[in-house]
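What follows is a short report on a single structure.
Numbers here are sequence positions counted from 1.
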Amino acid sequence: MSNSVLGKIALYGCGGCGINLVSGYNNTMEAVGFATLKTTYVDSSRSNIKPELEEKDCYILKGVDGSGKVRSENYEAIRENVKELLLTHTPEVMNIVVFSASGGTGSVFGPLIMRELLDRGLGAVAIVIGSTECKRSAENSLNLIKSLESISQNITSPLVVSMNINSKERSRSMVDKDVVSNIDRLMALASGQNGEMDSKDILNWLAFHQVTTVDPQLALLEITDNEDDARAVRNPIAVANLLKDTDVPDPELYPEYAFTAYYPATPDGWDQNLNFIISTDGCDELAEKFIQEVNRYEEIAKSRSSKVTNALKGNEKVEDEGMIL
């Protein structure tokens, strides 16, 4: 039985990337040690809606058909529909919003949903997938990071992001696996069944400006079951520890705010002591990475010949329609 108003998570998958990643959950039912999920699939077209997804769980913008990686394409329509979305697909005390940084729909819907959730004082984590496979993707990813920082400053609330980047070193399947793992782990943290924690613990952890000397800003979330990896996170601000039993020592991470909770029981196949670490270190490096990628594409574009290739010799017979027969 839940010991708090936790126990259910509203999971929003935004755009093609977000929908593909969360569709495997499809309203996960109750399990010992995990929150249940209420999943919503949000997009500007139906092309990513699989047949097995129920219509009642979908929110599709009317009168448009995708954004084609252009973030401005459906911005106004998305902005005007966020409140209606959250009216028909209501949030919970704890929410997860999954979207890509590089697309045209998810990278607009996702941040605006996060803004509304945080403005209401709810707990929310953004799980974002960045990529730089073309100039447009790199630019979108950079502008997404800038947007999240701007939103945080605009509403004076921390905005916590689990950032995952497709690259040569980390393939799409590896990143997808990490995203699913982090959703599972957040389900464990927000189960409402853990000993020695309640909803205020998790809300203070996310809204760290209320319990630390750190100003509200964009922050990164690292979730790990490896103590060495936990210690490698620079200058942690707020930490949530989820441990198997009370004899497991807390990692010595020295954050300004921390709480430790204990599993009610260990589910089958689940044997992890987890550290959920929020830090602002790394945000500048993340933005710089995308800036470098954008600059690289611009340099490549400059190196191309500006001369228009012309196969015409000037003596061809050209039909009225432009055809040469």
Side-chain angles (χ1 to χ4, degrees), residues 1-14 18-19 21-42 52-59 82-99 109-110 112-128 157-162 179-207 221 223 238 240-242 259-270 272 274 276 278:
M1 180 178 293
S2 173
N3 58 8
S4 72
V5 292
L6 294 172
K8 182 178 284 188
I9 293 174
L11 175 64
Y12 299 91
C14 304
I19 290 173
L21 283 166
V22 308
S23 60
Y25 289 95
N26 202 16
N27 296 313
T28 304
M29 300 303 291
E30 186 173 351
V32 174
F34 294 94
T36 57
L37 292 180
K38 183 174 64 178
T39 311
T40 302
Y41 311 97
V42 185
E52 64 268 24
L53 301 182
E54 295 188 41
E55 188 67 26
K56 66 179 180 62
D57 298 325
C58 300
Y59 187 91
V82 168
K83 283 185 169 60
E84 180 187 279
L85 161 65
L86 295 180
L87 182 65
T88 55
H89 301 271
T90 54
E92 298 291 335
V93 170
M94 181 62 182
N95 306 273
I96 301 173
V97 187
V98 184
F99 54 96
F109 248 128
L112 291 179
I113 292 171
M114 286 292 296
R115 186 189 193 286
E116 186 66 24
L117 295 172
L118 295 173
D119 209 28
R120 298 181 185 188
L122 299 173
V125 171
I127 297 183
V128 181
S157 173
L159 198 158
V160 177
V161 178
S162 168
V179 168
V180 170
S181 175
N182 283 342
I183 294 173
D184 289 343
R185 290 168 168 185
L186 288 167
M187 288 171 63
L189 182 66
S191 70
Q193 304 168 35
N194 299 317
E196 302 186 23
M197 75 166 285
D198 54 34
S199 58
K200 196 61 179 177
D201 291 315
I202 202 167
L203 290 175
N204 283 343
W205 168 67
L206 291 168
L221 172 62
I223 308 175
N241 302 306
L242 183 56
F259 72 88
T260 298
Y262 302 93
Y263 290 107
T266 303
D268 292 341
W270 192 265
Q272 302 174 338
L274 295 173
F276 301 77
I278 296 173

Without swapping roles, check the side chain of [X] against the backbone of [Y] for a donor-acceptor pair under 3.5 Å.
| X | Y | answer |
| --- | --- | --- |
| R185 | I223 | yes |
| Y263 | Q272 | yes |
| T88 | L85 | yes |
| Q193 | G33 | yes |
| Y12 | H89 | yes |

>> Which heavy atom of A10 sits nearest to which heavy atom of E92, and what is that distance?
In response: N-CG, 3.7 Å
What distance do [X] atom [atom1] and [Y] atom [atom2] have between them, rounded to the nearest 0.5 Å?
| X | Y | atom1 | atom2 | value |
| --- | --- | --- | --- | --- |
| D201 | N194 | CG | CG | 10.5 Å |
| I96 | I113 | CD1 | CD1 | 13.0 Å |
| L53 | I19 | CG | CD1 | 8.0 Å |
| L242 | E196 | CG | CD | 11.5 Å |
| R115 | L112 | CZ | CG | 8.0 Å |
| S157 | M114 | OG | CE | 8.5 Å |

> Please walk me through it: do L206 and V125 pass side chain to side chain contact (heavy atoms under 4.5 Å, CB included)?
Replying inline: CA-CA 8 Å; L206 291 168; V125 171; 3.7 Å; yes
> Testing I9, T36, L11 for side chain to side chain contact (heavy atoms under 4.5 Å, CB included) with Y25, which one passes?
Replying inline: L11
